[in-house]
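Just below is one structure, and these are the notes that go with it.
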Protein chains: 2
Amino acid sequence: MPPSKTKGAATKPRKKGDVDTDEAIYNAIRQAMLMGKLPAGLNLQEPTLARALGVSRERVRKALHRLAHERWLDMIPNRGTFVPTPTIEELHNIYEARKILEVGIARKLATRRAFIDTERLNQHVASEKKAIKTDDRGRLFRLSAEFHFLLAELSGNDQLIDMLRGLLTRSSLHFSLFAPKRLHNCAGPHEHEDIADAILEGDTTRAAKLMLDHLVGLETMLSVRDRVDNFTSLEDVFRCTAVGRGRTSLATGKKQGGRSDGKKS
Amino acid sequence: MPPSKTKGAATKPRKKGDVDTDEAIYNAIRQAMLMGKLPAGLNLQEPTLARALGVSRERVRKALHRLAHERWLDMIPNRGTFVPTPTIEELHNIYEARKILEVGIARKLATRRAFIDTERLNQHVASEKKAIKTDDRGRLFRLSAEFHFLLAELSGNDQLIDMLRGLLTRSSLHFSLFAPKRLHNCAGPHEHEDIADAILEGDTTRAAKLMLDHLVGLETMLSVRDRVDNFTSLEDVFRCTAVGRGRTSLATGKKQGGRSDGKKS
DNA sequence: CCAGCCCAATATGTGCACATTCATTCGGTG
DNA sequence: CACCGAATGAATGTGCACATATTGGGCTGG
């Protein structure tokens, strides 16, 4: 028999329930993209990623396929998996879809305001106001993104939630790519509060208009692009987000650091 | 060496480009669901499906994972993959999302009617009218479904196209499950034509209203449910849709025919 | 007779090794 | 000197075999 036996030897901290490992790999790559760590056009090679993350190639392969299916990556058969290049046109498409979807959600919530979780909405708005007052940029950034998702959740419609989630994550990618530095306070300070008020008052028309204006403002802000890529190597990117065993890598100095095969546009 | 060599022996009609095989498996299962062949709650076991389709288990596995990710199937880790049970609530959620999305698309098209492919829209409407006149039910059914997708395509927005595609396929599942027999002529005869006319005339308000009424009519029609399942076995379902080699199966009389492991609700 | 436990059979999950395909490079020729 | 073709290398795709978890049935004790 070959030198297999696999776990009989050692290194098996958890013996069951490895489903979270797949999620960890998936999230690691996704977070790296949201952070802007991966330059556009980079070829994500399975063996390299596997070494960087300290997991087997099949796990990486599965995560890559999943990400490609969700349009996060461009996968070409027998060629490789590439980080897509977000275009201004895609940004406008995303925001056009967001306008349709979120204005519709706002209208629905305002119409059926008696059935929504008012407390949760008020609580979120209060959190945002507090974050604005204390000037907590990081928290406000996260809360601002969650506000839009919260409205979808309040609708109670799984279809709407799923669609808007995809749109918002893609939108976040554009956010991190195009306007990473000079985000003043993520659009107007109290636009979210005004939208929430209109919804709670049942003012359908005003809620729709406020939401539309809010999205137009975001779209305009993101139309100016300034991009910086501080990419070095996949090992560096996933150094802190190691998924595999304790040891981060078995051959860090494998000469792969400086040069990375990506088609710089 | 083992009896491998795989293709050296024989049975390898195509030596390259097996990417279509995955699509074939994926479509086979999806079509079986759309046809209403698979009863709700059925456990789709990988080895059984692999034998029924005449392909390897890994291919089936990949297709199953993809379908599960698209919400077509419910996959429970270490348990199996199950055919979901469509609920009336899900139907209402789907149509609520369709109302928001498709009304928005109709408004957009009517607003920017100068930039859309007018010829293509007119051609489709003409095809539908012809199908109605000749009473070609099958063709009309397909054209009716394609009409809604065509409007998304005319918008030229990939985001909208993707979202609506998911919604329409799910909607088709409800269609085949709930109202398979007595579909008169797929809602009003010329509702699609009226919508197209309103769009081409640039009458935004009227296009939106007609689309909304159309969807409400569909939703109402699908709310009455009558379901029949003529399910026998996976081998029978995928007998004609064989994907693998020429021989449909290597052990058809494997006693597995009559009994099928599915939890009849 | 029923309930709880143990065991075997089966299905799923995963690592591994091989086949295949694509890109790059080197050598030859016009 | 430039261009074309074949060989080589690596990366992707896939089948296979093993490890693991769950389910069902049978057995034994109360």
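Numbered from 1 within each chain, the chains take letters A, B, ... in sequence-line order.
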Practice task
Check whether any side-chain heavy atom of B/Leu73 lies under 4.5 Å from a side-chain heavy atom of B/Met33, and answer yes or no.
Solution key: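 With C-beta onward as the side chain, the pair touches.
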Distance, rounded to the nearest Å, where [X] contributes [atom1] and [N] contributes [atom2]:
{"X": "B/Leu42", "N": "C/dA11", "atom1": "CG", "atom2": "C1'", "value": "15 Å"}
{"X": "A/His65", "N": "D/dT14", "atom1": "NE2", "atom2": "P", "value": "8 Å"}
{"X": "B/Glu46", "N": "D/dC16", "atom1": "CD", "atom2": "P", "value": "15 Å"}
{"X": "A/Phe82", "N": "D/dA11", "atom1": "CZ", "atom2": "C1'", "value": "11 Å"}
{"X": "B/Arg61", "N": "D/dC16", "atom1": "CZ", "atom2": "P", "value": "15 Å"}
{"X": "B/Arg59", "N": "D/dG15", "atom1": "CZ", "atom2": "C1'", "value": "10 Å"}
{"X": "B/Asn43", "N": "D/dA21", "atom1": "CG", "atom2": "P", "value": "19 Å"}
{"X": "B/Asn78", "N": "C/dT10", "atom1": "CG", "atom2": "C1'", "value": "13 Å"}

Exercise for the section: Take the angle between the ring planes of B/His69 and A/His69 and call it parallel below 30°, perpendicular above 60°, tilted in between. Expected result: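 B/His69 and A/His69: perpendicular rings.
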Problem - Charged N-O contact under 4.0 Å between B/Arg120 and B/Glu153 - result: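 Answer for the salt bridge query: yes.
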Exercise for the section: Run the numbers on B/Leu42 and B/Phe82 for side-chain contact (heavy atoms from CB on, under 4.5 Å), then give the verdict. Expected result: CA-CA 5 Å; B/Leu42 178 71; B/Phe82 302 90; over 6 Å; no
Handout entry: Criterion side chain to side chain contact (heavy atoms under 4.5 Å, CB included) against B/Thr169, the qualifying member of B/Arg30, B/Arg71, B/Glu70
Key =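 Single side chain to side chain contact (heavy atoms under 4.5 Å, CB included) partner of B/Thr169 among B/Arg30, B/Arg71, B/Glu70: B/Arg30.
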Practice task
Kindly say whether, by distance alone, the side chain of B/Arg57 makes a donor-acceptor pair under 3.5 Å with the base of C/dG13?
Solution key: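 Yes.
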Handout entry: Proximal nucleotide (of C/dA11, C/dC16, D/dA17) relative to the A/Glu58 side chain
Key =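 Closest nucleotide to the A/Glu58 side chain: C/dC16.
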Exercise for the section: Measure from the side chain of B/Pro47, starting at C-beta and using heavy atoms only, and say which of D/dT14, D/dG13, C/dT12 lies closest. Expected result: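 In terms of side-chain proximity for B/Pro47, the closest of D/dT14, D/dG13, C/dT12 is C/dT12.
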Is the phosphate of [N], meaning OP1 or OP2, less than 4.0 Å from a side-chain N or O of [X]?
{"X": "B/Lys62", "N": "D/dG13", "value": "no"}
{"X": "A/Arg79", "N": "C/dA23", "value": "yes"}
{"X": "A/Ser56", "N": "C/dT14", "value": "no"}

